[in-house]
Protein chains: 2
Amino acid sequence: MQRCCPPAEVASDRFHEEASLFKAIADENRMRILATLASAIEDVCVCDFTGALPLNQPTVSHHLRILREAGLVTCERRGTWVYYRLAPGAHERVESATRAVFAQKVLA
Amino acid sequence: MQRCCPPAEVASDRFHEEASLFKAIADENRMRILATLASAIEDVCVCDFTGALPLNQPTVSHHLRILREAGLVTCERRGTWVYYRLAPGAHERVESATRAVFAQKVLA
DNA sequence: TCGTTGCATCGACATCCATCGATACTATCG
DNA sequence: CGATAGTATCGATGGATGTCGATGCAACGA
């Protein structure tokens with residue numbers, strides 16, 4: 001039987017970093033949080049999320065933590081409240097990771 | 001106690017479509033498959049993946065199915081072998097979903 | 001100092017998901 | 001037609017993840 005291939009080379013990159021980033025985004029509720037922060041003029045209080053999302057407060061806190069640990073958002077306490085904002089370069093990091101995956105071969 | 005907020009509005013979008021797309025990408029091995037297809041000059045045979053990835057054949061097939069059902073890749077049988085390629089517009093769809101999430105508010 | 005409020009953490013639970021062995025399906029070869 | 005090879009599907013399993021009630025912690029006000 002003939003060979004199937006001009007033996008293609010499989011990407012050797014590990015994409016560990018990029019996968020973590022996409023995992024953090026790949027949730028409907030976390031996307032709503034990110035979209036809110038991206039479009040907000042000012043920082044957003046946690047209570048706004050607990051009020052608007054169909055989730056209980058511990059779950060909102062859980063999602064915010066995941067976004068924090070992914071470096072996509074930052075937070076700051078002001079008195080009793082905690083305000084979140086998009087981390088600088090968050091959008092750019094996702095775009096960069098996307099480019100890393102879909103980078104086309106440069107034709108010689 | 002004072003109110004915390006200029007009551008911010010939470011994004012009402014559901015992001016169901018976008019979340020599915022990111023879920024399909026958010027796996028290290030699927031990213032390697034996508035990167036391989038993106039950089040390949042020609043279609044890539046399944047056997048190349050089973051040979052190069054640290055996964056058994058059923059697992060590779062499983063990941064390829066997820067990418068297929070997400071519309072990110074297409075496949076074609078040629079004889080005994082099945083060849084995969086990036087679906088047209090795959091890269092653009094991811095970029096578009098990213099923009100949908102990180103869209104900034106247009107200042108009035 | 002005490003009660004209250006906002007948020008984070010903990011522990012439990014159900015569900016999803018990545019992985020793999022076994023098996024079925026499809027095409028080729030003899 | 002039978003044997004073989006490449007790929008997909010099935011069923012099982014262990015680990016990750018989303019969700020929530022209970023609880024802890026920090027800040028404020030009385």
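None of these values were measured; they are calculated from a predicted model.
Scanning for ring pair (Phe, Tyr, Trp, His ring centres under 6.0 Å) contacts around A:Phe49 gives an empty result, with sequence neighbours left out. Scanning for side chain to side chain contact (heavy atoms under 4.5 Å, CB included) contacts around A:Ala26 gives B:Phe22, B:Lys23, B:Ala26, with sequence neighbours left out. A search for ring pair (Phe, Tyr, Trp, His ring centres under 6.0 Å) contacts involving A:His91 returns B:Phe102, not counting sequence neighbours. B:Ser61 is linked by a side chain to side chain contact (heavy atoms under 4.5 Å, CB included) to B:Gln57, counting only residues two or more places apart in sequence or in another chain. Considering only residues two or more places apart in sequence or on other chains, B:Phe15 meets the ring pair (Phe, Tyr, Trp, His ring centres under 6.0 Å) condition with none of them. Remark: B:Arg30 engages B:His63 in a side chain to side chain donor-acceptor pair (under 3.5 Å) (not counting sequence neighbours). Residues satisfying the side chain to side chain donor-acceptor pair (under 3.5 Å) criterion with A:Arg77, sequence neighbours excluded, are absent altogether.
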Just the table, please: protein N/O against nucleotides 16-23 of chain C N/O, every pair under 3.5 Å.
residue, atom, partner, partner atom, Å
C:dA18, OP1, B:Arg30, NH1, 3.2
C:dA18, OP1, B:Arg30, NH2, 2.8
C:dA18, OP2, B:His62, NE2, 3.3
C:dT19, OP1, B:Asn29, ND2, 3.3
C:dT19, OP2, B:His63, NE2, 2.4
C:dC20, OP2, B:Asn56, N, 3.1
C:dC20, OP2, B:Thr59, OG1, 3.2
C:dG21, OP2, B:Asn56, ND2, 2.4

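Per the geometry, OH belonging to B:Tyr84 stands 12 Å off C1' belonging to D:dG6, to the nearest Å. Rounded to a whole Å, the CG atom of A:Leu64 is 13 Å from the C1' atom of C:dG6. What separates CH2 of B:Trp81 from P of D:dT4 is a distance of 17 Å, to the nearest Å. If you measure from atom CZ of B:Phe49 to atom C1' of D:dG6, you get 15 Å, rounded to the nearest angstrom. In this structure, the CD1 atom of A:Ile25 is 17 Å from the C1' atom of D:dT17, given to the nearest Å. A straight line from CZ of A:Arg78 to P of C:dC7 spans 12 Å, rounded to a whole angstrom.
For the OP1/OP2 pair of C:dG6 and a distance below 4.0 Å, the side-chain nitrogens and oxygens of A:Thr80 include no atom meeting the criterion. Side-chain nitrogen and oxygen atoms of A:Arg65 include at least one within less than 4.0 Å of the OP1 or OP2 phosphate oxygen of C:dT9.
From one end of the helix from C:dT1-D:dA30 to C:dG30-D:dC1 to the other, with five pairs defining each end axis, the axis direction shifts by 20° (rounded to 10°).
Residues in residues 65-76 of chain B take part in these side chain to side chain donor-acceptor pair (under 3.5 Å) pairs, two or more places apart or across chains: B:Arg65-B:Glu69, B:Arg68-B:Tyr84, B:Glu76-B:Arg85. The list of salt bridge (charged side-chain N to carboxylate O under 4.0 Å, His left out) pairs with a residue in residues 94-103 of chain A, not counting sequence neighbours, reads A:Glu92-A:Arg99.
A donor-acceptor pair under 3.5 Å is formed between the side chain of B:Thr36 and the backbone N or O of A:Ala11. With A:Arg32 contributing its side chain and B:Arg14 its backbone, the two residues share no donor-acceptor pair below 3.5 Å.
Interface residues of residues 68-77 of chain A facing DNA chain D, ordered by number: A:Arg77; criterion, heavy-atom separation under 4.0 Å.
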